[in-house]
Structures are given as structure tokens and as C-alpha cells.
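The residues of the chain are indexed from 1 along the displayed sequence.
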Amino acid sequence: AEAAIKEATRTGVPQAAMTRVGSAPGPESTEGPTLTPTTGAPTAPAGKTYPGQENAQTIINTGRDEVKASPAAIQAVLNQVSYEGGFADPWHQSQFISSNGTQERSYGHWQLNARGELPGYEKFLRETGLPRDTHSQTLYVFKRAEEIHPGFSQIQDPKQATDILSTQF
């Protein structure tokens with residue numbers, strides 16, 4: 001568990017997203033999510049849940065089981081969600097209001113923008129017949145990351161993968 005904490009700290013996992021690695025909360029983790037050692041999925045303290053827990057697990061499962069992505073690529077995708085739309089609402093609209101008073105048209109866990117990735121995501125949905133949900137957003141993000149940076153899903157360095165998503169996606 002200590003090695004996972006050091007690795008998460010080194011690679012930039014937000015501290016709020018990971019207060020302790022392990023299956024049982026310890027004295028340093030009485031509130032907030034923990035990450036289980038087997039999947040990395042956020043879990044709440046015993047008897048509690050937090051918004052987005054199920055969505056975070058869907059992102060991990062989709063990356064691991066369907067995309068066959070490396071743990072580093074999955075971590076980068078999770079990092080990006082924590083910087084963007086968050087885990088709680090799969091179709092969260094940005095709360096940013098521009099200087100002219102209009103609300104930004106960005107949606108979802110990755111805040112897909114109407115003048116950026118959103119049209120591509122909507123085309124992806126039409127082509128695949130998938131619903132607009134966490135699963136399809138995850139598939140689309142990995143697909144686009146591979147198009148932008150071939151080999152993205154097999155990157156072994158979480159910092160490199162996070163930098164690619166942050167600067168090129």
C-alpha cells in the first residue's frame with residue numbers, strides 16, 4: 001500500500017481522490033474515498049458511498065477489460081476526469097460563464113466541448129449505437145487518445161499519459 005501511495009504522489013493523483021490505499025480505512029483516512037489495491041477503484045468508508053463511485057469503477061473496468069489499457073493510461077484518464085467534469089454526473093455541463101455571459105457548452109466527465117470533441121463523440125454514438133453514458137465516453141476518450149497519440153493505451157508512465165491528455169486532447 002505504501003508503494004502505491006508513493007507512486008500516486010509521484011504521478012500526480014490528486015490527494016483528494018486518494019486518501020489511503022487499502023481495503024480498510026486507517027487513522028489517516030476516516031472520511032473520503034480510498035482506493036482498493038486490486039482495482040484502484042475509489043471506495044467510500046464502510047457504510048457510506050460517494051457520488052460517482054460507480055462511474056469511476058465503470059471507467060476503470062472499461063479501460064482494463066475492453067480497451068486493454070495499461071494501468072498508467074487508465075490512471076491518466078481518471079486524472080483527467082478529476083480535472084474536468086468529475087465522476088458524479090455523467091453529463092455534467094460546465095459551470096464556466098464567459099465574459100459575454102454565455103455558459104460554456106462542455107459536457108460529461110471529460111467536458112467534451114461543442115466546438116471541440118463533442119461533435120466527434122456524438123458521431124461515435126451514432127456509428128456505434130451506444131447510449132450517452134460513462135461507458136461510451138470512456139471508449140471514445142481512449143479511441144481519440146489513440147488517434148492523437150498512437151500507442152497511448154499502452155504507455156507505462158502515468159505522468160506522460162496525463163500530459164498527453166492534458167495538452168493534446
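Taken from CD in Gln160 to CD1 in Ile155, the straight-line distance is 4.0 Å, to the nearest 0.5 Å. In this structure, OH on Tyr107 lies 9.0 Å from CZ on Arg132, to the nearest 0.5 angstrom. To the nearest 0.5 Å, atom CZ of residue Arg64 and atom CD of residue Gln57 are 6.5 Å apart.
Listed for the Thr102 side chain is no donor-acceptor partner under 3.5 Å among the backbone atoms of Ser98. The backbone N or O of Gln156 lies less than 3.5 Å from no partner atom in the side chain of Ser70, so there is not a single donor-acceptor pair. No donor-acceptor pair closer than 3.5 Å links the side chain of Glu84 to the backbone N or O of Ser94. Thr62 contributes no side-chain N or O that, together with a main-chain N or O of Ile59, makes up a donor-acceptor pair within less than 3.5 Å. The closest donor-acceptor contact from the side chain of Glu146 to the backbone of Gly151 lies under 3.5 Å.
One hydrophobic cluster, built from ILVMFWY side chains closer than 4.5 Å, cannot hold both Val81 and Phe96; they sit in different ones. Side-chain heavy atoms closer than 4.5 Å link hydrophobic residues (I, L, V, M, F, W, Y) into clusters, and following such links, possibly through other members, connects Val77 to Leu130.
Shown here are the side-chain hydrogen bond (donor to acceptor under 3.5 Å, both in side chains) partners of Ser99, two or more places apart in sequence or in another chain: there are none.
No side-chain heavy atom of Thr162 sits less than 4.5 Å from a side-chain heavy atom of Lys159. Within the 4.5 Å cutoff, the side chain of Arg105 has no heavy atoms near those of the Arg115 side chain.
No more than 12 heavy atoms of other residues, nucleotides or ligands shown are found within 6.0 angstrom of CD on Glu54.
Gly63 and Ile74 make their closest contact through C-CD1, 3.7 Å (heavy atoms, listed as atom of the first residue, atom of the second, distance). Here the closest heavy-atom approach between residue Gly116 and residue Pro119 is recorded as O-CD, 3.4 Å. Ala76 and Pro158 make their closest contact through CB-O, 4.2 Å (heavy atoms, listed as atom of the first residue, atom of the second, distance). The minimum heavy-atom distance between Ser166 and Gln80, with the atom names listed, is OG-OE1, 3.4 Å. Nearest heavy atoms, Ala161 versus Phe152: O-CE1, 3.5 Å.
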Give the table of side-chain donor-acceptor pairs shorter than 3.5 Å for residues 134-143, with sequence neighbours excluded, one pair per line with atom names and distance.
residue: Thr134; atom: OG1; partner: Asn55; partner atom: OD1; Å: 3.1
residue: Thr134; atom: OG1; partner: His109; partner atom: NE2; Å: 2.7
residue: His135; atom: NE2; partner: Glu66; partner atom: OE1; Å: 3.1
residue: His135; atom: NE2; partner: Glu66; partner atom: OE2; Å: 2.7
residue: Ser136; atom: OG; partner: Tyr121; partner atom: OH; Å: 2.6
residue: Ser136; atom: OG; partner: Pro131; partner atom: O; Å: 2.6
residue: Ser136; atom: OG; partner: Asp133; partner atom: N; Å: 3.2
residue: Ser136; atom: OG; partner: Asp133; partner atom: O; Å: 3.2
residue: Ser136; atom: OG; partner: Asp133; partner atom: OD1; Å: 3.2
residue: Gln137; atom: OE1; partner: His109; partner atom: N; Å: 2.9
residue: Gln137; atom: NE2; partner: Pro90; partner atom: O; Å: 2.6
residue: Thr138; atom: OG1; partner: Thr134; partner atom: O; Å: 2.8
residue: Tyr140; atom: OH; partner: Glu117; partner atom: O; Å: 3.3
residue: Tyr140; atom: OH; partner: Glu117; partner atom: OE1; Å: 2.5
residue: Lys143; atom: NZ; partner: Glu147; partner atom: OE2; Å: 2.8

